[in-house]
Amino acid sequence: MGAFGNFAVSFSVISILSGCMTLYGFGMTTGGPAVMLWGWVGVGFMVLLLGLAFAEVTSAYPTSGALYYQAHKLGGPKWGWYTGWLNLLGLLGAIAGIDYGASQFVGALLQMQFSFTPTPAKLFMIFVLILLLHALVNLRGVRLVSILNSVSVVWHLAGVAVIVAVLALVPAHHQSAAFVFTHFANGTGWHNSIYVSAVGLLLAQYTFSGYDASAHLSEETTGASVAAPRGIVRSIWVSWIAGAVLLAGLTFAIQDYAGTLGTATGVPPAQIFLDAVGSTGAKLLMLIVIGAQLFCGAAEVAAASRMAFAFSRDGALPGSAWWRKVSPTTATPVAAVWLSVSVALVLTLPVLYSPAAYAAVTSINVVGITPAIAIPVFLRLRAGRRFTPGPWNLGRWSTPIGIVSVVWVGCVTLLFCLPQVSPVTRDTFNYAGVVLVAVLIGAEVSYRVAGPRYNIPVADRAMAELEAEVV
């Protein structure tokens with residue numbers, strides 16, 4: 001990959017047309033327009049700070065292992081071990097969230113076209129087919145993934161422009177600016193507005209996940225010590241701007257708030273399209289969204305499979321000898337690709353029984369990947385002058401940006417493990433925290449068993465090759 005391809009993979013994984021769209025209904029009940037818009041601005045700024053701090057560490061250690069390799073080098077084997085397990089959890093949760101979200105939009109489109117009834121079982125079958133598609137795409141090799149990601153950038157930016165332009169020009173009625181930027185809505189069952197607003201930040205924080213993909217593709221990127229950190233930062237600020245435009249465009253175009261939430265399609269943005277531009281126009285806009293979500297899922301499988309491959313290469317996964325196998329023809333970690341989509345499928349099984357499970361699936365992504373990104377940043381702060389910056393660095397801004405980033409991550413990790421709906425029942429339970437604890441316990445047990453054999457000689461050789469390339 002070149003520099004643009006590396007940026008494109010993170011931009012595709014962030015995918016504002018995936019995260020913003022799939023959690024838009026969630027946002028309508030957890031604070032409404034005010035929290036969605038201002039939460040996007042605030043979360044985007046904090047994520048940009050975290051991305052800057054992470055990019056600096058990536059410039060110093062550009063390998064496929066990325067976060068866990070960085071933590072290992074800066075803090076020792078156990079730090080690397082825990083970071084790797086959190087990173088893998090977050091990436092697999094992202095595949096689950098992205099592809100199940102895409103299945104919901106496919107189901108909504110089928111409902112609009114063929115009077116299809118989007119039941120949980122039917123949506124799950126569509127989800128399985130999407131997972132299979134993304135596995136097959138990734139088995140073709142990194143060149144195809146790179147091409148698709150480059151197309152994805154154009155698709156996303158043009159798609160946002162088309163959707164916002166249509167929603168601005170076609171409807172005869174629009175919501176007021178006061179409604180878009182100040183209207184607060186609470187359908188959670190909780191009565192504390194501050195708590196509800198905090199929970200509503202999930203829409204933005206979930207969408208802004210995935211920019212670590214640039215780091216995971218480092219070993220397949222030319223000039224990675226500069227191209228990867230630039231890809232990380234650029235993917236965040238471009239998504240920040242484009243996402244704000246998209247959310248504003250959608251919210252201005254709402255015709256009936258209650259009707260949009262209770263839509264028969266099961267997807268509030270689809271109802272916004274239907275009310276604003278009619279059936280034919282809505283279907284065309286849905287195709288734009290679904291295309292973006294498919295691009296996003298393919299990129300996420302690429303990132304997760306590289307992480308699983310790298311972690312197995314260093315002997316940290318059960319059955320590592322199998323998962324680190326690489327195809328001699330495509331240089332693709334075939335077994336790691338199948339592992340990634342299979343675990344994502346298992347994580348998504350609760351949606352068959354619980355209507356609130358999808359929010360928990362997206363929370364798994366946040367509580368896995370966000371702390372994993374912050375750990376190398378924290379260890380870089382702890383290392384102080386012992387840390388040797390790469391060619392891309394923050395200079396004197398490194399410490400203050402790093403401190404703010406780590407504090408932010410601690411807050412959101414706790415927040416998204418808390419209940420999102422009241423009363424808390426089997427159907428509304430947020431199981432993200434349970435999964436997080438289970439992974440941490442599993443990491444501790446597995447480290448006690450296999451930790452003494454864990455090492456990173458292969459990744460060290462890859463780093464040496466990259467450093468030789470730079471020289």
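- Sorted by first and then second residue, the ring-ring contact (aromatic ring centres under 6.0 Å, His included) pairs with a member in residues 372-406 read Trp79-Phe378; sequence neighbours excluded.
- The shortest side-chain heavy-atom distance between Leu347 and Leu92 falls under the 4.5 Å cut-off.
- A side-chain donor-acceptor contact under 3.5 Å links Ser10 to the backbone of Ser214.
- Between the side chain of Thr182 and the main chain of Ala178, a donor-acceptor pair closer than 3.5 Å is present.
- Distance alone, capped at 3.5 Å, is enough to place a donor-acceptor pair between the Ser235 side chain and the Ile232 backbone.
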Contacts table for residues 14-28: side-chain donor-acceptor under 3.5 angstrom, sequence neighbours left out:
unit_1: Ser15; atom_1: OG; unit_2: Ser18; atom_2: N; d: 3.2
unit_1: Ser15; atom_1: OG; unit_2: His156; atom_2: NE2; d: 2.8
unit_1: Thr22; atom_1: OG1; unit_2: Ser18; atom_2: O; d: 2.7
unit_1: Thr22; atom_1: OG1; unit_2: Gly19; atom_2: O; d: 3.4
unit_1: Tyr24; atom_1: OH; unit_2: Thr251; atom_2: OG1; d: 2.8

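- For Asn393, the side chain to side chain donor-acceptor pair (under 3.5 Å) test picks out no residue, with sequence neighbours left out.
- Taking the side chain as every heavy atom from C-beta outward, Pro229 and Glu56 never approach each other to under 4.5 Å.
- No donor-acceptor pair closer than 3.5 Å links the side chain of Thr222 to the backbone N or O of Gly2.
- The side chain to side chain donor-acceptor pair (under 3.5 Å) analysis of residues 241-250, with sequence neighbours excluded, yields no pairs.
- Every residue two or more places apart in sequence or in another chain that forms a side-chain contact (heavy atoms from CB on, under 4.5 Å) with Leu144 is listed here: Val137, Arg140, Leu148.
- Here the closest non-hydrogen pair linking Cys296 and Val13 is SG-O, 3.2 Å.
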Start with the C-alpha distance between Trp323 and Phe309, add both sets of side-chain angles, then the distance that settles ring-ring contact (aromatic ring centres under 6.0 Å, His included), and finish with yes or no. CA-CA 6 Å; Trp323 308 124; Phe309 154 74; over 10 Å; no
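- Taking the side chain to side chain donor-acceptor pair (under 3.5 Å) definition, one finds that Gln175 meets it with nothing, sequence neighbours left out.
- The side chain to side chain contact (heavy atoms under 4.5 Å, CB included) test with Val343 singles out one residue from Val341, Leu339, Leu345, and that residue is Leu339.
- No side-chain heavy atom of Pro419 sits under 4.5 Å from any side-chain heavy atom of Phe429.
- Asp212 places no side-chain N or O within 3.5 Å of a backbone atom of Ala215 that could act as its donor or acceptor partner.
- Under the side chain to side chain donor-acceptor pair (under 3.5 Å) criterion, Thr348 pairs with no residue at all, not counting sequence neighbours.
- Closest approach of Phe311 and Gly80 over heavy atoms only: CE1-O, 4.2 Å.
- No donor-acceptor pair under 3.5 Å is formed between the side chain of Thr83 and the backbone N or O of Tyr68.
- The side chain to side chain donor-acceptor pair (under 3.5 Å) test applied to Trp408 returns Gln205, not counting sequence neighbours.
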Taking only distance into account, with no hydrogens and no angle test, what donor-acceptor pairs under 3.5 Å do side-chain atoms of residues 38-49 form with protein atoms, sequence neighbours excluded?
unit_1: Trp38; atom_1: NE1; unit_2: Phe181; atom_2: O; d: 2.8
unit_1: Trp40; atom_1: NE1; unit_2: Trp240; atom_2: O; d: 2.9

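- Side chain of Tyr358 to main chain of Gly97: a donor-acceptor pair is present (N/O by atom type, distance under 3.5 Å, no hydrogens or angles).
- Within the 4.5 Å cutoff, the side chain of Val326 has no heavy atoms near those of the Val334 side chain.
- Applying the side chain to side chain donor-acceptor pair (under 3.5 Å) test to residues at least two apart or on different chains, none of the pairs has a partner in residues 287-299.
- Between the side chain of Ser305 and the backbone N or O of Ala302, at least one donor-acceptor pair lies under 3.5 Å.
- With contacts defined as side-chain heavy-atom distances shorter than 4.5 Å, the pair Ile95/Leu131 qualifies.
- Although no hydrogens or angles enter the test, the distance criterion places a donor-acceptor pair under 3.5 Å between the side chain of Thr188 and the main chain of Trp190.
- The side-chain heavy atoms of Leu67 and Leu86, taken from C-beta on, include no pair separated by under 4.5 Å.
- Residues in residues 8-26 take part in no salt bridge (charged side-chain N to carboxylate O under 4.0 Å, His left out) pair, two or more places apart or across chains.
- Of the possible donor and acceptor atoms, none in the side chain of Arg313 sits under 3.5 Å from a partner among the backbone N and O of Arg324.
- The minimum heavy-atom distance linking Pro371 with Gly368 is given by the pair CD-O, 3.5 Å.
- With contacts defined as side-chain heavy-atom distances shorter than 4.5 Å, the pair Leu167/Phe273 qualifies.
- The side-chain hydrogen bond (donor to acceptor under 3.5 Å, both in side chains) with Glu444 is formed by just one residue from the set Tyr82, Trp81, Trp85; it is Tyr82.
- By the 4.0 Å N-to-carboxylate-O rule, Glu219 lies too far from Arg306 to be salt-bridged with it.
- Sequence neighbours left out, the pairs with a member in residues 359-368 that pass side chain to side chain donor-acceptor pair (under 3.5 Å) are Ser209-Asn365, Ser363-Gln420.
- Side-chain contact between Leu247 and Leu203 is present, with at least one heavy-atom pair separated by less than 4.5 Å.
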